[in-house]
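Just below is one structure, and these are the notes that go with it.
When reading the values below, keep in mind they use all heavy atoms of this one structure, side chains included, and skip hydrogens, waters and symmetry mates. These numbers were taken from a predicted model, which means no experiment stands behind them. Here is the naming used below: chain letters follow the sequence lines, and residue numbers restart at 1 for every chain.
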Number of protein chains: 2
Amino acid sequence: MKEPQEVFDAYLAEKNLKATPQRRLILDTILKQKDHLSSEELYAKVKARDSSIGQATVYRTLKLLVDADIVEPLDFADGVTRYEPSYGEEHHDHLICTVCGKNIEILDPTIEKRQEQIAKEQGFKLSSHKMYLYGICNDCRKGK
Amino acid sequence: MKEPQEVFDAYLAEKNLKATPQRRLILDTILKQKDHLSSEELYAKVKARDSSIGQATVYRTLKLLVDADIVEPLDFADGVTRYEPSYGEEHHDHLICTVCGKNIEILDPTIEKRQEQIAKEQGFKLSSHKMYLYGICNDCRKGK
DNA sequence: AGTGTCAATGCAATTCATTATCATTTGTGG
DNA sequence: CCACAAATGATAATGAATTGCATTGACACT
């Protein structure tokens with residue numbers, strides 16, 4: 001499989017956009033991260049490596065990465081959009097603790113299959129889906 | 001079954017809050033609406049009936065209605081939160097056409113059950129969930 | 001009716017994430 | 001190496017949502 005960086009370069013070339021050091025650095029920073037980063041957090045990490053980079057560039061690059069299917073936006077219902085690398089990763093959904101913010105990745109074939117089926121029944125060609133389960137985790141329930 | 005207005009009154013009474021004409025008017029306006037309204041749109045409709053009502057009151061009342069489980073917030077990923085009456089309605093998810101914006105309400109017991117199960121397996125007490133299926137509807141595929 | 005209390009309101013101002021503007025700099029294909 | 005479109009960083013602007021505040025209103029008790 002191709003490296004994410006190569007995929008990004010190809011995407012940029014195809015769109016007649018430029019491969020700049022900033023863009024490379026931003027992608028590299030996301031890839032190095034296991035967690036789901038908000039653009040704010042990402043900006044902080046990027047800035048630590050090159051303090052001259054501006055917020056706007058981070059936002060702009062994130063958009064490109066999402067469009068290039070290298071990164072996926074997540075909505076944990078706390079007002080900020082988070083991102084995770086998606087290129088080469090298996091699709092998964094999220095189970096989120098609304099108290100501590102902990103989140104667990106889930107993958108359930110039963111659900112995935114039903115989703116496809118439902119869409120077909122309605123005459124839709126499914127292109128993507130989002131599923132978020134919100135709840136309170138064990139620790140937070142005990143911690144009361 | 002009780003009327004939504006009664007439920008709201010009961011909720012307000014329990015919380016030592018007041019049943020004001022503005023609040024009643026806002027709830028009434030939502031109930032009269034079949035579509036999913038953003039607070040902006042709701043504000044416009046409310047203002048048409050009583051031009052003295054302020055935006056903030058609409059926001060504040062929506063929060064109360066959500067808390068009272070009379071109304072449910074929806075997130076169609078377009079930056080604005082929409083609301084729909086949920087009291088007395090069966091829970092459902094949404095299948096959205098990314099071309100024309102059409103959205104179909106779906107309800108699938110299989111998925112609902114699996115969601116509960118998954119949460120339990122992870123030690124979570126599920127409080128809510130969101131599931132959105134995005135695709136292209138029959139009409140829009142033909143219309144090409 | 002008068003008064004005390006406290007929530008509710010409308011307005012304006014504010015917050016916060018995200019986006020647009022713009023002058024300047026920098027890749028990239030020729 | 002050049003020309004030029006695209007990218008950048010700084011900053012201003014946007015837009016949804018929230019908050020502060022002075023005023024108003026509702027209700028209970030006298």
Legend entry - OP1 or OP2 of D:dA17 under 4.0 Å from side-chain N/O of B:T81: yes

Legend entry - Salt-bridge present (B:D139, B:K102; N to O < 4.0 Å): yes

Inset, instruction - Rounded to the nearest angstrom, tell me the gap between atom CZ in A:R60 and atom C1' in D:dT8. - result: 6 Å

Inset, instruction - Find which nucleotide of DNA chain D each of A:A56 and A:L64 is nearest to by heavy atoms, and output the residue with the more 5' nucleotide. - result: A:L64

Legend entry - SB check B:D28 B:R49 (cutoff 4.0 Å): yes

Legend entry - Close side-chain approach of B:E84 to B:L74, heavy-atom, < 4.5 Å: yes

Legend entry - Set of ring pair (Phe, Tyr, Trp, His ring centres under 6.0 Å) partners for B:Y132, sequence neighbours left out: B:F76

Inset, instruction - Might you work through the side-chain hydrogen bond (donor to acceptor under 3.5 Å, both in side chains) test for B:K63 and B:Y59, ending with a clear yes or no? - result: CA-CA 6 Å; B:K63 244 191 197 163; B:Y59 275 107; over 6 Å; no

Inset, instruction - Go through DNA chain C in 5' to 3' direction and return only the first and the last nucleotide with some atom under 4.0 Å of chain B's heavy atoms. - result: C:dC6 to C:dC11

Legend entry - Within residues 5-30 of chain A or reaching into it, pairs that qualify as ring-ring contact (aromatic ring centres under 6.0 Å, His included) - sequence neighbours excluded: none

Inset, instruction - For A:E3, look at atom CD and say whether over 12 heavy atoms of other residues, nucleotides or ligands are found less than 6.0 Å away. - result: no

Inset, instruction - Identify, residue by residue, the members of residues 14-32 of chain A with a heavy atom below 4.0 Å from DNA chain D, and return them in order of residue number, or none. - result: A:N16, A:L17, A:K18, A:T20, A:Q22, A:R23

Inset, instruction - Mind running a 4.0 Å heavy-atom check of residues 38-54 of chain A against DNA chain D and sending the residues that fall below it, in number order? - result: A:S52, A:I53, A:G54

Inset, instruction - Begin from the C-alpha positions of A:D50 and A:V46 and carry the test side-chain contact (heavy atoms from CB on, under 4.5 Å) through to its verdict. - result: CA-CA 6 Å; A:D50 177 348; A:V46 164; 5.6 Å; no

Legend entry - CD (B:E90) with more than 12 external heavy atoms under 6.0 Å: no

Inset, instruction - Taking atom NZ of A:K45 as the centre, report whether more than 12 heavy atoms of other residues, nucleotides or ligands fall under 6.0 Å from it. - result: no

Legend entry - Protein-nucleotide distance (B:Q55, atom CD; D:dA16, atom P), rounded to Å: 9 Å

Legend entry - Ring center gap for A:H94 and B:H129 short of 6.0 angstrom: no

Legend entry - Straight-line distance of B:Q122 CD to A:E105 CD, nearest 0.5 Å: 11.0 Å

Inset, instruction - Find the bend of the helix from C:dA1-D:dT30 to C:dG30-D:dC1 as the angle between its two terminal axes (five pairs each), to the nearest 10°. - result: 30°

Legend entry - Stepwise salt bridge (Lys or Arg N to Asp or Glu O under 4.0 Å) test for A:D9 and A:R24: CA-CA 9 Å; A:D9 286 349; A:R24 274 192 256 269; 3.7 Å; yes

